[in-house]
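Here's the structure, in structure tokens; my notes come after.
All heavy atoms count here, side chains included; hydrogens, waters and symmetry mates do not.
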Amino acid sequence: MKKTVFLMVAAVALLFGYNKAQAQIEIPQLPSELQEQVDEYIQTLLENPADESVMKAIDKNKLLKKDKAALVAIGYKFLEHNLFGNALGLAKKVYEMDATYLPAIYLEGDAWFKMGNSNAYGMAATKYEEAKQVTPESLDPYLKLVGVYRYINPEYAIELMEEIKQKKTDDPKINQVLGTLYYQLDDTLSAHKYYNMYFDKFPDGQGDATVQREYVIIKFMAKDYDGALKQSQKFLATNPKDPVLNRIIFLSNVNLLANTDEFEEAKFNAAKEATKAAHDKFIGQYPDSVYQEIDYRYLGQYMTIIGEDKSAAEAYAKAAEKSPEDPAAQLNLSKAYEKTKEYDKAIPAYKKFMELAKKEDDTNELFKLGRVYYNAANAMQQDSLKRIAYIKEGDAIYAKVDDEMVKSGEPSYLGIFWRSRINQLVDRKHPNATAADYMKETIKRLQDEKFKGEDYDPHRAQAYSYVAWFAMEQDDFETAEANAKEALKYEEDNPLASNVLQYVELMNSIKK
């Protein structure tokens, strides 16, 4: 799950969360009298990043020549527009003037960091390490280093945070950052623990919307659906259109609804109403680009719960569209199409699931695919070429399953049993020799010691009763009677076996 919506949100939260921490560093502000001139510099560079006239003009400006703060302020303005080379140039210029001037060290580190590639991250880390040496007691360089290492070595980032804890054990930001790092490492329980510690001191997350979002995501991932819901509703009061908060409210409500017993009518209806309200506030209220696989998956689950199978299938189709390489999305889609009896869509979706999950030769999945073919053929009331095609393809799958199970050396019967079941669909009104032969083989295999338990009695009864029916149709009343009686030993109320016995008794009485 987190690899879809949540990891993406976490990455954004990390970025903004750390920038919030970095904002504790006092970045020089651009003097108002320079604003117009700097805007011109920026426009020139945006039109031609290689234009050297801007840096030359800055060098010649007497007001700027020795003004470290102004030069760094201009550098950060350049950085806002991704003018990395110019920002670095100013950072190095100031560094040459004063190698201990922290804003210049941070400007260079931030410029490398914002470039966002592995080499640049290494350069950023070097500058932040240097800042740490200049101000060993400050939290800021540690947070900046953590901001770098979260991309390239999250475990080391956690070590840095533990080092910070020894220096500033009372700083709540440490718990928030540790929560973020553990979340990035998929350690939801640790993330939940540290975030809880942070929010115990700051129930509103210090008003930081990004931190609030990450907290509710972590609560949701920790399966604290009620907590995630309540916190999201609380934070939503100041940001009612926030898609992440509305997402968590909807997803949490779906989970709570799914875990509410339908027989507790009042609770179930209340949960259903709450989920509908959350659905109406989230689904369809944002551009489609906002929605991700998880949103449509939960929408499909919600529609299934309320009995809207067609809408559920449409939702699962959108989920698969959003995440075409996710096997689970194809599996959900196949199941949804089965419910709507759209087997021409259910079958390829299940095959796609097996392909993506690399389970094309998995006997368990092949067996389940065979069941889709069986259900497809069984759902068609009229004889048709399509129904026969479903039967043939399903039979071929069960044959493959049976071959693989026999090769394994383990006693097996289910493959051959279902070969019979699907071949019985060739003619529902009359038994056929192919299906009867498979049931005879099933009876033989069920004699193995492995299948002596009562759990296998229903299949024994089905096998004997079908063989009895086929024998009756062939006027082999002795065989029919014997098999019908065997079927009734394992299933006293087997209707087919009972009917066969009644027919045999009738025919025997007529002969007398």
Using a distance-only test with no angle check, is there a side-chain donor-acceptor pair under 3.5 angstrom linking [X] and [Y]?
X: S408; Y: E410; value: no
X: Y195; Y: E214; value: yes
X: E129; Y: Q133; value: no
X: S334; Y: Q330; value: no
X: H279; Y: Y302; value: no
X: Y215; Y: N196; value: yes
X: E159; Y: Y149; value: no

For this session: Report the residues that fulfil side-chain hydrogen bond (donor to acceptor under 3.5 Å, both in side chains) with Q35, sequence neighbours left out, ordered by chain and then residue number.
Result: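 Q35 satisfies side-chain hydrogen bond (donor to acceptor under 3.5 Å, both in side chains) with D39 only.
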Exercise. What's the verdict on salt bridge (charged side-chain N to carboxylate O under 4.0 Å, His left out) for R247 and D295, showing C-alpha distance, side-chain angles and the deciding distance?
Worked result: CA-CA 7 Å; R247 167 180 286 128; D295 301 322; 2.7 Å; yes
Quick one: are the ring centres of [X] and [Y] less than 6.0 Å apart?
X: Y101; Y: Y95; value: no
X: F282; Y: Y291; value: yes
X: F250; Y: Y298; value: no
X: W418; Y: Y374; value: yes

For this session: Please work out whether the ring planes of F451 and Y456 are parallel, tilted or perpendicular, with thresholds of 30° and 60°.
Result: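 Answer is perpendicular, since the angle exceeds 60°.
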For this session: Decide yes or no on salt bridge (charged side-chain N to carboxylate O under 4.0 Å, His left out) for E342 and K310, but give the supporting numbers first.
Result: CA-CA 10 Å; E342 296 176 86; K310 186 71 176 176; 3.5 Å; yes
For this session: Working to the nearest 0.5 Å, report the span between OH of Y128 and CE of M123.
Result: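 Between atom OH of Y128 and atom CE of M123 there are 12.0 Å.
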For this session: Scan residues 311-346 for pairs that pass ring-ring contact (aromatic ring centres under 6.0 Å, His included), counting only residues two or more places apart or in two chains.
Result: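 Passing the test, one end in residues 311-346: no pairs.
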